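A short write-up of the structure that comes next.
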Amino acid sequence: MPGLTNPSSDYSAWYNEVVLQGELADYAPVRGCMIIRPYGYAIWELMQQALDGMFKETGHQNVYFPLLIPESFLQKEAEHVEGFAPECAVVTHGGGKKLEEPLVIRPTSETIIWNTYRDWIQSYRDLPLLYNQWANVLRWELRTRLFLRTLEFLWQEGHTAHATQEEAVEETHRMLGVYRRFAEEWMALPVIPGIKTESEKFAGAVQTLCIEAMMGDRRALQAGTSHFLGQNFAKAFDVTYQDETGGRQHVWATSWGVSTRLIGALIMGHGDEKGLRLPPRLAPYQVVVVPIYKTDEEKTAVLESAHRLVDFLKTSARVKLDDRDTVRPGFKFNEWELRGVPLRVEMGPKDLAKGQVVLARRDTGTKEFLPQEGLAEHVRATMDDIHRTLFEQAKAFRDANTFRVDTWEEFRERTAGEGGSGFLLAHWDGAAETEALIKEETKATIRCIPLDNPQEAGKCVRTGKPSTQRVVFAKAY
RNA sequence: CGGGGCGUAGCGCAGUCCGGUUAGCGCACCAGACUGGGGGUCUGGUGGUCCCCGGUUCGAAUCCGGGCGCCCCGACCA
């Protein structure tokens with residue numbers, strides 16, 4: 001197996017190699033599509049389990065709507081059609097015949113869902129509707145990257161309906177909070193929760209909330225979004241309910257989603273020159289046991305002992321025994337490091353004799369000798385520590401690459417050249433034209449206006465016009 | 001859609017400029033032996049529509065014409 005390109009010399013080559021060599025995914029026969037391999041899919045399944053549990057804890061139920069949407073549905077919400085029509089794939093033929101009405105392959109499901117909600121909602125007693133679906137969607141992107149932006153991707157999309165604006169807004173924030181917790185507590189990634197500007201918000205939303213993370217090349221990645229849709233879709237699809245007083249009201253809506261892009265965030269948020277570093281809670285294998293032996297007698301003894309150890313550890317961690325006889329230990333070390341397994345146990349004749357094992361940490365690269373007794377406890381504690389360490393490292397990196405920028409000169413300097421610029425906290429006059437101008441001149445965009453943003457008087461970094469707060473600029477994926 | 005790169009064994013590539021034995025190398029794979037605490041060594045072996053179509057030629061991976069596809073960089077976006 002060839003070595004990895006160093007991330008500091010060519011970040012995107014490094015990223016692709018981690019995905020391909022680590023066997024997370026492969027290219028598909030069709031441009032921009034990918035095959036998710038077992039190891040990559042296992043990470044996605046762990047993400048799904050954790051998120052699904054959090055959705056259910058917050059009162060949501062899963063549903064499934066169809067892949068195909070009548071083309072006319074997309075056209076009912078003006079902003080929505082403008083945003084999505086250019087990237088829709090359209091089915092025009094079926095069964096060898098031209099269809100009466102073309103069918104769009106869903107780029108997102110608001111339209112088909114709200115078309116259905118019209119029938120499901122009559123009274124305030126029917127509300128709220130708190131539904132989520134796990135699905136694939138298709139967007140005909142021009143430029144694709146494994147996991148970060150593929151034509152087809154897997155995601156979850158929550159679609160809720162509420163009687164009042166207050167309730168819907170509260171739901172939007174609640175789900176952003178869920179995403180933030182997931183990012184921090186499962187992915188070990190610090191994120192900035194915030195509000196998108198008008199030009200960056202979801203097509204059809206009144207307000208888009210997001211969490212923004214910093215990748216290893218100092219670029220920003222939007223890791224999740226939660227939209228307050230107002231009554232836009234209710235009006236487009238004529239969804240109303242009768243309130244307690246007998247009056248007819250339009251329903252208030254939210255939608256929110258995260259996708260397989262999060263796997264890309266994991267890679268770029270924690271990876272190093274050896275490959276992936278998985279946070280333990282999302283690692284398909286949390287511990288890999290590598291037996292070491294020369295002779296047949298040693299092999300028998302070591303494997304027997306290794307099996308006992310694995311059975312023992314199984315109750316407290318996801319353990320993989322790598323008993324392949326076709327590759328040597330050094331190869332296994334490198335391979336599992338590339339694939340980001342948080343902990344490795346090495347066990348050989350010398351260890352057997354001493355009743356110990358070698359425990360190696362992926363995050364710090366340190367090795368320690370430990371008695372087999374009490375190992376499960378130690379593994380559990382170490383995994384918690386790895387999670388903390390990954391989070392702290394990512395946060396330290398982000399903080400070291402976050403700058404308060406007050407002059408246009410400095411802004412230009414920090415965004416010059418290829419690669420990321422870090423997060424630039426700068427004043428902005430609030431005008432879409434200024435935002436567009438800055439984007440054109442520097443490639444940096446406003447990632448978000450942080451929630452609970454401190455207010456301070458200042459001058460727009462580009463125009464010098466008065467401003468009341470700093471916003472987060474960055475070059476983004 | 002613009003710019004760049006590439007298409008030859010499962011993967012990575014050489015050969016193409018300047019046409020000519022049986023298309024080659026590394027890795028992987030198969031068999032065996034020795035090995036085994038950080039990406040093993042040796043011996044033998046399997047595996048090819050040279051992206052596709054057409055043309056030139058006694059002869060094309062190589063020259064000419066046309067087409068297709070993928071990757072990377074930008075514009076669009078989770």
Side-chain angles (χ1 to χ4, degrees), chain A residues 1-5 10-13 15-17 20-21 23 26-34 82-88 107-108 136-157 179 196 199-203 208 210-213 220-227 255-265 274-275 290-296 298-299 302 324-338 344-353 356-358 360 365 367 369 418-419 439-440 443 445 447 475-477:
Chain A
M1 198 178 295
L4 283 177
T5 297
D10 187 342
Y11 199 77
S12 84
Y15 175 81
N16 285 329
E17 287 166 12
L20 297 171
Q21 289 182 30
E23 296 184 357
D26 216 339
Y27 290 109
V30 176
R31 176 194 76 87
C33 294
M34 72 173 173
E82 197 186 323
F84 284 104
E87 54 185 50
C88 282
T108 179
N136 58 340
V137 287
L138 192 78
R139 297 179 186 178
W140 212 263
E141 303 289 352
L142 301 174
R143 175 112 161 67
T144 57
R145 290 165 70 79
L146 293 167
F147 285 116
L148 295 179
R149 182 169 295 105
T150 45
L151 297 199
E152 180 189 4
F153 57 95
L154 304 183
W155 77 346
Q156 61 64 216
E157 45 181 328
Y179 289 154
K196 286 290 187 192
S199 59
E200 295 276 336
K201 74 170 198 209
F202 176 75
T208 289
C210 63
I211 50 172
E212 294 284 330
L221 183 80
Q222 180 175 313
T225 48
S226 183
H227 315 291
S255 70
W256 28 272
V258 297
S259 72
T260 36
R261 159 179 270 201
L262 290 180
I263 295 173
K274 286 180 164 181
V290 179
I292 293 158
Y293 47 80
K294 290 198 203 62
T295 64
D296 280 350
E298 283 176 352
K299 178 179 173 180
V302 169
R324 284 177 296 174
D325 218 2
T326 49
V327 290
R328 301 176 5 150
F331 182 92
K332 296 177 184 177
F333 295 170
N334 282 288
E335 185 176 83
W336 292 117
E337 280 166 2
L338 167 67
R344 179 180 70 239
V345 171
E346 301 169 22
M347 187 186 238
K350 291 180 221 164
D351 304 306
L352 241 55
Q356 66 174 27
V357 296
V358 178
K367 282 191 185 188
F369 297 89
E418 297 303 308
K439 180 179 180 182
E440 197 185 316
K443 303 262 162 60
T445 51
R447 301 323 304 155
K475 292 201 219 171
Y477 275 101

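Since the structure is predicted, the reported quantities are computational estimates derived from the model, not experimental observations.
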Can you check the A:Phe331 CZ to B:A28 P distance for me, whole Å?
8 Å

Taking 4.0 Å as the cut-off, does a side-chain nitrogen or oxygen of A:Asn16 come that near to OP1 or OP2 on B:C71?
no

Partner of B:G10 under the Watson-Crick or G-U wobble criteria, both distances under 3.5 Å, comes out as B:C27

Do we get A:Arg261 above A:Phe153's six-membered ring, with its NZ or CZ under 6.0 Å from the centre and within 45° of the axis?
no

Could you tell me how far B:A61 sits from B:C76 if I compare only their C1' atoms? Round to whole Å.
39 Å

When both hydrogen-bonding distances must be under 3.5 Å and the geometry is Watson-Crick or G-U wobble, what is B:C17 paired with, if anything?
none

5'-most contact on RNA chain B: A:Leu142 or A:Phe153, nearest heavy atom basis?
A:Leu142

Show each protein N/O and nucleotides 67-70 of chain B N/O combination with a separation under 3.5 Å, one pair to a line.
from	atom 1	to	atom 2	distance (Å)
B:C70	OP1	A:Arg31	N	2.8

Atom CD in A:Glu346, atom CG in A:Asp351: separation rounded to 0.5 Å?
8.0 Å

Under 4.0 angstrom, heavy atoms only, what part of the nucleic acid is A:Pro349 near: base, sugar-phosphate, or nothing?
base

Please report, rounded to the nearest Å, how far the P atom of B:A78 is from the CG atom of A:Leu221.
11 Å

Rounded to the Å, how far apart are A:Asp26 CG and B:G10 C1'?
11 Å

In whole Å, I'd like the distance from the CD atom of A:Glu23 to the P atom of B:A28.
15 Å

Suppose we screen for salt bridge (charged side-chain N to carboxylate O under 4.0 Å, His left out). Which residues come up paired with A:Lys196, at least two apart in sequence or across chains?
A:Glu212

When rounded to the nearest 0.5 angstrom, what distance separates CZ in A:Arg145 from CG in A:Asn16?
6.5 Å

Could you please name the partner base of B:C42, counting Watson-Crick and G-U wobble pairs only when both distances are under 3.5 Å?
B:G32

Tell me, please, which residues at least two apart from A:Lys274 pass side-chain contact (heavy atoms from CB on, under 4.5 Å).
A:Asp272, A:Glu337, A:Arg362

Name the closest nucleotide to the A:Gln222 side chain, picking from B:A78, B:G37, B:G39.
B:A78

Closest non-hydrogen atom pair between A:Tyr15 and A:Leu148, with its separation:
OH-CG, 3.7 Å

Whole-Å distance separating the CD atom of A:Glu141 from the P atom of B:G74:
15 Å

In the strands shown, is B:U56 matched to any nucleotide by a Watson-Crick or G-U wobble pair with both distances under 3.5 Å, and which?
none

Please state how far atom CZ in A:Arg145 lies from atom P in B:C71, giving the value in whole angstrom units.
12 Å

Of the candidates B:A75, B:G39, B:C72, the side chain of A:Lys443 sits closest to B:A75

Hey, does A:Val358 reach any base, or is it just sugar-phosphate, or nothing, if we go heavy atoms under 4.0 Å?
base

B:G26 and B:U49: how far apart are their C1' atoms, nearest whole angstrom?
24 Å

Provide the Watson-Crick or G-U wobble partner of B:U49, both distances under 3.5 Å; none if there is no partner.
none

Flag the pair A:Trp256 / A:Gln156 as yes when at least one side-chain heavy-atom distance between them is below 4.5 Å, and no otherwise.
yes

Return the set of residues passing side-chain contact (heavy atoms from CB on, under 4.5 Å) with A:Glu141 (not counting sequence neighbours), or none when no residue passes.
A:Glu87, A:Arg139, A:Thr144, A:Arg149, A:Leu151

Decide yes or no on side-chain contact (heavy atoms from CB on, under 4.5 Å) for A:Thr225 and A:Cys210, but give the supporting numbers first.
CA-CA 4 Å; A:Thr225 48; A:Cys210 63; 4.1 Å; yes

Residues A:Lys299, A:Asp325; criterion side-chain contact (heavy atoms from CB on, under 4.5 Å); working and verdict:
CA-CA 10 Å; A:Lys299 178 179 173 180; A:Asp325 218 2; 2.8 Å; yes

Nearest-Å distance once atom C1' is located in both B:U56 and B:G44:
44 Å

For A:Thr108, answer base if it contacts any base atom (sugar-phosphate contacts may also be present), sugar-phosphate if it contacts only those atoms, and nothing otherwise; contact means non-hydrogen atoms under 4.0 Å.
nothing

Is A:Thr445 touching bases, backbone alone, or none of the nucleic acid, heavy atoms closer than 4.0 Å?
nothing

A:Glu440 CD to B:A75 P: how many Å, rounded?
11 Å

Sugar-phosphate, base or nothing in reach of A:Glu298, heavy atoms under 4.0 Å
nothing

For nucleotides B:U46 and B:A28, find the distance between their C1' atoms and express it as a whole number of Å.
12 Å

Distance check, P atoms only: B:C72 and B:C30, in whole angstrom units.
31 Å

Complementary nucleotide for B:G74 - Watson-Crick or wobble, under 3.5 Å:
B:C1

In whole angstroms, how far is the C1' atom of B:A75 from the CH2 atom of A:Trp140?
19 Å

How close do A:Val302 and A:Pro349 get, counting heavy atoms only, and between which atoms?
CG2-N, 4.0 Å

Below 4.0 angstrom from OP1 or OP2 of B:A78, is there any side-chain N or O of A:Lys201?
no

Show your reasoning for whether side-chain contact (heavy atoms from CB on, under 4.5 Å) applies to A:Tyr27 and A:Leu146.
CA-CA 8 Å; A:Tyr27 290 109; A:Leu146 293 167; 3.8 Å; yes

What does A:Lys439 touch in the nucleic acid at a heavy-atom separation under 4.0 angstrom: a base, only the sugar-phosphate, or nothing?
sugar-phosphate

Quantified in whole Å, what is the C1' atom distance between nucleotide B:G47 and nucleotide B:G39?
25 Å

Counting only side-chain heavy atoms from C-beta out, which of B:A78, B:G38, B:G37 sits nearest to A:Lys274?
B:G38

Identify whether any heavy atom of A:Thr225 sits under 4.0 Å from a base atom; if not, whether one sits that close to sugar-phosphate; answer base, sugar-phosphate or nothing.
nothing

Same-atom distance (P) from B:C13 to B:A23, integer angstrom
23 Å

On a whole-Å scale, what distance lies between the C1' atoms belonging to B:C42 and B:G38?
22 Å

Are any protein N/O atoms closer than 3.5 Å to N/O atoms in nucleotides 31-36 of chain B? If there are, list each pair with its distance.
from	atom 1	to	atom 2	distance (Å)
B:U35	O2'	A:Arg328	NH1	3.4
B:G36	O2'	A:Tyr293	O	3.0
B:G36	N7	A:Lys294	O	3.4
B:G36	O6	A:Lys294	O	3.2
B:G36	N2	A:Asp325	OD1	3.1

Excluding sequence neighbours, so at least two apart, what forms ring pair (Phe, Tyr, Trp, His ring centres under 6.0 Å) with A:Phe202?
A:His80, A:Phe84, A:His227

